[in-house]
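Computed over heavy atoms, backbone and side chain alike; hydrogens, waters and symmetry mates excluded. Every number for a ligand or one of its atoms is a count from 1 in the order of the listing.
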Amino acid sequence: RRTAVSLIVQKFGGSSVADAESIKRVAKRIVATRTAGNQVVVAVSAMGDTTDELIDLAHQVTPLPDPREMDMLLTTGERISMALLAMAIRSMGHDARSFTGSQAGMITDARHGAARIVDVTPVRVQEALDEGAIAIVAGFQGFNRDSRDITTLGRGGSDTTAVALAAALGADVCEIYTDVDGVFTADPRVVKKARKVDRVTAEEMLELAAAGAKVLHIRAVEFARRHGVTLHVRSSFTPHEGTWVVSGTEGETMEEPIITGVAGDLSEAKITVVGVPDTPGMAADIFTIVAETGANIDMIVQNVSTAATSRTDISFTLPKADGEKVLTALKATQPTLGFEALAYDDQIGKLSVVGGGMRTSAGVSAQLFTTLKNAGINMEMISTSEIRISVVIRADLLNDAVRAVHTAFGLDGDTDAVVYAGTGR
Ligand code: ADP
Ligand code: ASP
Ligand code: MG
């Protein structure tokens, strides 16, 4: 099917299309890519902080909005930006057509608010391309065939829309345009001296995304890796080359830095199940109940029970958004499971250092812990993977800790990082 013509998928995040002027600016950029002889498919996010504002609005109407209606509401954000962008391009004399997620063939499962893509059938997008038009697809949304309802892919999901389109259409590259010049060694809003990295392995990017670096949606990185989509993260405000997400084997040809980046995450809370009887199967029972709520847990810590009580505490972290329902579910089982109490703490922050070079170098944990010690910061939980170390600390100390660790690992650049737009919300 491939011809000499390149097919490029471009995704523009909310801060890149925050107002009419920005939409016109982005339209120019898209048209320039088209006029250079490429076929162009665009995935677009809702304007600015529209999604957050719609969520706030829903909560003013009811504390627990119905999930189906919530998806109906939130998908309107992307519908506004796709239509305006298509209008802007058409006014420049180029053919452009906008499509909702369902029109573009984004077929998902039925999980409202966290739907997963099960199939992509971009027939109408392909037709538009064949007729020489630019296709604009609403990000973050899909359609479930069984329920016949509109779904959303979860916050930040427009990145995944773009990658899924790139995979289905066999695009040459998927460009993720945002409000910073690429992937940095830390969030440039937190660390002024953060440096842009030219290349990051998919593996490192997955760990960084899971650790809270929201510059790329974790599922977009997974999807890209599985389907061999080339990802280029760059700024929509400058022509600068951004960050290429490369496969592990491509990564091996580089001299890998020990630490690629530091990430902070304030989106999690901690639940402690206090005084759990130390008998076989207790953890299984507790985490089965947690799993049934659909909540994704992150770290787990269990201590050896003290001989005197033969009881122990089990702590775990999870997204704050899931805290309420997990507490309710656990509370209901307290009489049968026989634990003493539940404690909920939403004032935690998670700091992670990520780097492929960690595999082959000793002492990274020691250096991290020493840095935190020198800053007078107490660690409450620790977890590691082959290429990541994460620690839970007090939320109000997180940003200072990220800066201290960034400096300690020699990641500070010579100049200040630039953030072109956005509110960081
Ligand atoms: P968009 O609206 O374009 O999807 P996002 O707000 O989702 O943009 O993601 C871009 C933001 O991610 C940046 O403005 C930055 O504050 C944040 N960020 C967090 N960690 C990193 C990192 N390591 N590198 C770059 N940006 C990061
Ligand atoms: N508009 C959605 C959000 O804010 C999706 C996205 O921007 O990726 O989460
Ligand atoms: Mg995003």
- Tell me, please: is Gly157 in heavy-atom contact with ligand 2, that is, under 4.0 Å? yes

- Heavy-atom nearest neighbour in the protein, as seen from atom 25 (C) of ligand 1, with distance rounded to 0.1 Å: Gly182 O, 3.3 Å

- Query: Which atoms of ligand 2 sit under 4.0 Å from any heavy atom of Ser45?
  - Reply: 6 (C), 7 (O), 8 (O)

- Message: So for Gly156, does at least one of its heavy atoms come nearer than 4.0 angstrom to any atom of ligand 2?
- Response: yes

- Task: May I ask you to identify the nearest protein heavy atom to atom 8 (O) of ligand 1, giving residue, atom name and distance to one decimal place in Å?
- Result: Thr178 OG1, 3.2 Å

- Does Ala186 come within less than 4.0 Å of ligand 1, judged by its heavy atoms? yes

- Query: Does Glu78 have a non-hydrogen atom less than 4.0 Å from ligand 2?
  - Reply: yes

- Shortest protein contact, atom 5 (P) of ligand 1 (heavy atom only): Lys214 CE, 4.0 Å

- Answer with yes or no whether the side chains of Asp56 and Gln60 bring together a donor and an acceptor at under 3.5 Å. no

- Item | ligand 1 to Ser45 polar contact by distance, N or O atoms, under 3.5 Å | no

- Item | For Glu203, the option from Arg225, Arg359, Arg388 that meets salt bridge (Lys or Arg N to Asp or Glu O under 4.0 Å) | Arg359

- Query: Would a distance-only check, ignoring hydrogens and angles, find a side-chain to backbone donor-acceptor pair under 3.5 Å from Asn144 to Thr108?
  - Reply: yes

- When you check the gap from the basic side-chain N to the acidic O, do Asp322 and Lys320 get nearer than 4.0 Å? no

- Task: Please write down residue, atom name and distance for the protein heavy atom closest to atom 4 (O) of ligand 1.
- Result: Lys11 NZ, 3.0 Å

- Full working for side chain to side chain donor-acceptor pair (under 3.5 Å) between Gln141 and Thr161: CA-CA 8 Å; Gln141 53 183 271; Thr161 301; over 6 Å; no

- Message: I'd like to know whether ligand 1 has Gly156 as a neighbour, heavy-atom separation below 4.0 Å.
- Response: no

- Between Thr238 and Asp181, does a side chain to side chain donor-acceptor pair (under 3.5 Å) hold up when you go through it step by step? CA-CA 8 Å; Thr238 68; Asp181 275 320; 3.0 Å; yes

- Would you call Asp52-Arg155 a salt bridge at under 4.0 Å N-O? yes

- Query: So does Lys24 pair up with Glu21, basic N to acidic O under 4.0 Å?
  - Reply: yes

- Query: Got more than 12 heavy atoms from elsewhere within 6.0 Å of NZ, Lys325?
  - Reply: yes

- Heteroatom distance test (Thr51, ligand 2): nitrogen or oxygen, under 3.5 angstrom: yes

- Note on the structure: If we number the atoms of ligand 2 from 1 as shown, the ones under 4.0 Å from a heavy atom of Ser158 are 5 (C), 6 (C), 7 (O), 8 (O)

- Message: Within the structure, is a non-hydrogen atom of His217 found at a distance of less than 4.0 Å from ligand 1?
- Response: no

- Query: Does ligand 1 have any atom that is closer than 4.0 Å to a heavy atom of Ser236?
  - Reply: no

- Note on the structure: The protein heavy atom nearest to atom 23 (N) of ligand 1 is Phe184 O, 3.1 Å

- Message: Under a 3.5 Å threshold, yes or no: a donor from one side chain and an acceptor from the other, between Asn374 and Thr371?
- Response: no

- Looking at Lys350 and Asp298, does any basic side-chain N land under 4.0 Å from a carboxylate oxygen? yes

- Among protein heavy atoms, which sits nearest to atom 9 (O) of ligand 2, and what does the distance come to when rounded to 0.1 Å? Arg155 NE, 2.7 Å

- Item | Heavy atom of the protein closest to atom 13 (C) of ligand 1 (residue, atom name, distance) | Asp179 OD1, 3.4 Å

- Would you mind listing which atoms of ligand 1 come within a distance below 4.0 Å of any non-hydrogen atom of Pro188? 25 (C), 26 (N), 27 (C)

- Message: Can you confirm whether more than 12 heavy atoms, excluding those of Arg79, are under 6.0 Å from its CZ atom?
- Response: no

- With a 4.0 Å cut-off, would you call Arg148 and Asp146 a salt bridge? no

- A student checking ligand 1 against Val183 at a 4.0 Å heavy-atom cut-off should list atoms 24 (N)

- Task: May I ask which of Asp187, Val233, Val215 has a heavy atom nearer to atom 16 (O) of ligand 1 than the others do?
- Result: Asp187

- Val419 touching ligand 1 at heavy-atom level, < 4.0 angstrom: no

- Item | Pair Thr152, Asp71: side-chain N/O donor-acceptor within cut-off below 3.5 Å | yes

- Query: Does ligand 1 have a heavy atom under 4.0 Å from the side chain of Arg189, from its backbone, from both, or from neither?
  - Reply: side chain

- Contacting atoms of ligand 1, where contact means under 4.0 angstrom from a heavy atom of Gly14: 2 (O)

